[in-house]
Participant: 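Structure below; questions to follow.
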Protein chains: 2
Amino acid sequence: MVHADASTFASNISKEEAYEQVLMQAEGLFDGQRNWVCNLSNAASLLWHAYKSLPEPSNQVNWAGFYTLDPLSPPPPNPPQLILGPFQGKVACQTIPFSRGVCGAAAATAATQLIPDVDAFPGHIACDGASRSEIVVPILTPDTKKVVAIIDVDCAVVNGFDETDRKYLEQLAELIGKSCDWP
Amino acid sequence: MVHADASTFASNISKEEAYEQVLMQAEGLFDGQRNWVCNLSNAASLLWHAYKSLPEPSNQVNWAGFYTLDPLSPPPPNPPQLILGPFQGKVACQTIPFSRGVCGAAAATAATQLIPDVDAFPGHIACDGASRSEIVVPILTPDTKKVVAIIDVDCAVVNGFDETDRKYLEQLAELIGKSCDWP
């Protein structure tokens, strides 16, 4: 099987169809493989190539990947922190406290953050000054409902994401949460 | 600090200069951060953007990333196996036995494999049929000299890599080997 074909997306499909392909391919790739690094690495690739196949604004996505709960988080009363996981795009911030930025807010509240304009978000962390909008979706363990990771996608234009992105990324987060063994 | 700038490469630099920038940026990013997933994720991004800034054949690189020693390798007498780590490019094979393909050969022998034409390599694993040449460099622990990971770079044309790639990727492998805490 030539795995690379999994991230080949037709150029004339809708965003819904692209996300459906991401979910279907991810489910296939995760079948029999629960290593979280392996699965997040392939999931980042699927997302990246899906966005690049779509019209604007989705093809303006400039970062797609994951942060996970840092096993070396500082002890309480400090907030825990996220650490960079597999991604596609330019070099990114390595650690993010739960108390800071869009990623931190998603991790701390266990709720999706759909940010049309990151410059209007208090405490936004600019890993890449080119990013103008962002969606961050928490990944929870299915049993204990603990935040173990987040999906983070940045876009170089404002209003890069909508309720369709939220719907499908939340489905992907649920699939990833139950498909991996978390440290 | 805007980290994304670390993976911005000027368009008129030589391959040597691009690799020097990769090494310098990697050393800076690894300073104070020994998480292997975080560091390999950023290193894959640095490599990818370096290649894309160069003339042919380097800009035809279609996959740059890492495999690591799979903690769930089958027990002896089976050979150990590699598992997919952070990368940039299309979806890739998840596990590779030490006994198979270019990556397996590099891991089994702890020696760089510089393959001008993958179709001429016995047992080559075609994760992506578009890949025509490949270089794989083992990453060893500095003390026990155990192979813990490999750098894998694929190119869509034959003869994509030369002794310059070998020299600098081996330097990067040494830096990564000593800069991360391995599981």
Side-chain angles (χ1 to χ4, degrees), chain A residues 1-9 22 25-26 28-49 52 62-68 70-72 82-95 125-131 154 156 181 183, chain B residues 1-9 22 25-26 28-49 52 62-68 70-72 82-95 125-131 149 154 181 183:
Chain A
M1 177 189 170
V2 179
H3 289 79
D5 289 347
S7 38
T8 300
F9 291 80
V22 167
Q25 296 288 356
L29 287 162
F30 300 165
D31 185 32
Q33 179 53 260
R34 297 187 57 84
N35 183 290
W36 67 271
V37 180
C38 171
N39 287 350
L40 295 187
S41 297
N42 269 335
S45 175
L46 285 173
L47 281 176
W48 179 263
H49 291 95
K52 292 301 164 185
N62 60 346
W63 203 92
F66 299 91
Y67 282 82
T68 64
D70 188 353
L72 296 183
L82 298 165
I83 188 157
L84 181 65
F87 70 89
Q88 305 244 342
K90 288 187 176 179
V91 165
C93 299
Q94 292 145 299
T95 56
I125 301 172
C127 276
D128 186 346
S131 296
D154 290 355
D181 293 326
Chain B
M1 176 189 173
V2 180
H3 288 81
D5 289 346
S7 38
T8 300
F9 292 80
V22 167
Q25 295 288 356
L29 287 162
F30 302 165
D31 185 30
Q33 179 53 262
R34 298 187 57 82
N35 182 291
W36 67 270
V37 180
C38 171
N39 288 350
L40 295 187
S41 297
N42 269 336
S45 175
L46 284 173
L47 281 177
W48 179 262
H49 291 94
K52 292 302 164 186
N62 62 345
W63 203 91
F66 300 91
Y67 281 82
T68 64
D70 188 352
L72 296 183
L82 298 165
I83 188 157
L84 181 65
F87 69 90
Q88 305 243 342
K90 289 187 176 180
V91 165
C93 300
Q94 292 145 299
T95 56
I125 301 171
C127 276
D128 185 346
S131 297
D154 290 354
D181 294 325

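To find a chain, count down the sequence lines: A is the first, B the second, and so on, and within it residues start at 1.
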Participant: If I measure from the heavy atoms of chain B, does Gln88(A) come under 4.5 Å with its side chain, its backbone, both, or neither?
Facilitator: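 Both the backbone and the side chain of Gln88(A) come within 4.5 Å of chain B.
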Participant: Does any heavy atom of chain B fall under 4.5 Å from the side chain of Ile83(A), the backbone, both, or neither of them?
Facilitator: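 Side chain only.
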Participant: Name the option with the most non-hydrogen atom pairs under 4.5 Å to chain A; the candidates are Leu84(B), Asn62(B), Asn42(B).
Facilitator: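 Of Leu84(B), Asn62(B), Asn42(B), Asn42(B) has the most heavy-atom pairs under 4.5 Å with chain A.
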Participant: Just one of Pro183(A), Ser41(A), Pro86(A) clears the side chain to side chain contact (heavy atoms under 4.5 Å, CB included) bar with Val37(B), so which one?
Facilitator: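 Looking at Pro183(A), Ser41(A), Pro86(A), the match for Val37(B) under the side chain to side chain contact (heavy atoms under 4.5 Å, CB included) is Pro86(A).
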Participant: Would you compute the distance between atom CG of Leu72(B) and atom CG of Asp181(A) and round it to the nearest 0.5 angstrom?
Facilitator: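 The CG atom of Leu72(B) sits 8.0 Å away from the CG atom of Asp181(A).
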Participant: Could you tell me which non-hydrogen atom of Gly89(A) sits nearest to which non-hydrogen atom of Ser45(B), and how far apart they are?
Facilitator: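 Minimum heavy-atom separation between Gly89(A) and Ser45(B): O-OG, 2.7 Å.
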Participant: Under a 4.5 Å heavy-atom cutoff, which of Ser131(A), Ala92(A), Gly85(A) has the most pairs with chain B?
Facilitator: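 Most pairs with chain B among the choices: Ala92(A).
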Participant: List for me each residue that meets salt bridge (Lys or Arg N to Asp or Glu O under 4.0 Å) alongside Asp31(B), sequence neighbours excluded, and say none if there are none.
Facilitator: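 In terms of salt bridge (Lys or Arg N to Asp or Glu O under 4.0 Å), with neighbours along the sequence ignored, Asp31(B) is linked to no residue.
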Participant: Identify the two heavy atoms, one from Lys90(A) and one from Ser7(B), that lie closest to each other, and give their separation to 0.1 Å.
Facilitator: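 The pair with the smallest heavy-atom distance is CB-OG, 3.2 Å.
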Participant: Rounded at 0.5 Å granularity, tell me how far CG in Asn35(B) sits from OG1 in Thr68(A).
Facilitator: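 Output value for this atom pair is 7.0 Å.
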Participant: Side-chain contact test, heavy atoms from C-beta onward, threshold under 4.5 Å: evaluate it for Val91(B) versus His49(A) and give yes or no.
Facilitator: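 Val91(B) does not reach His49(A) side chain to side chain.
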Participant: Can you run down the salt bridge (Lys or Arg N to Asp or Glu O under 4.0 Å) pairs that involve residues 35-47 of chain B, sequence neighbours left out, and say none if there aren't any?
Facilitator: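 Those involving residues 35-47 of chain B do not exist here.
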Participant: When you measure from the side chain of Gln94(B) to the backbone of Cys38(A), do you find a donor-acceptor pair of N or O atoms at a distance under 3.5 Å?
Facilitator: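 No: the side chain of Gln94(B) does not pair with the backbone of Cys38(A).
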Participant: Can you give me the closest heavy-atom contact between Cys93(A) and His3(B), atom names plus distance?
Facilitator: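 Heavy atoms of Cys93(A) and His3(B) come nearest at SG-ND1, 3.6 Å.
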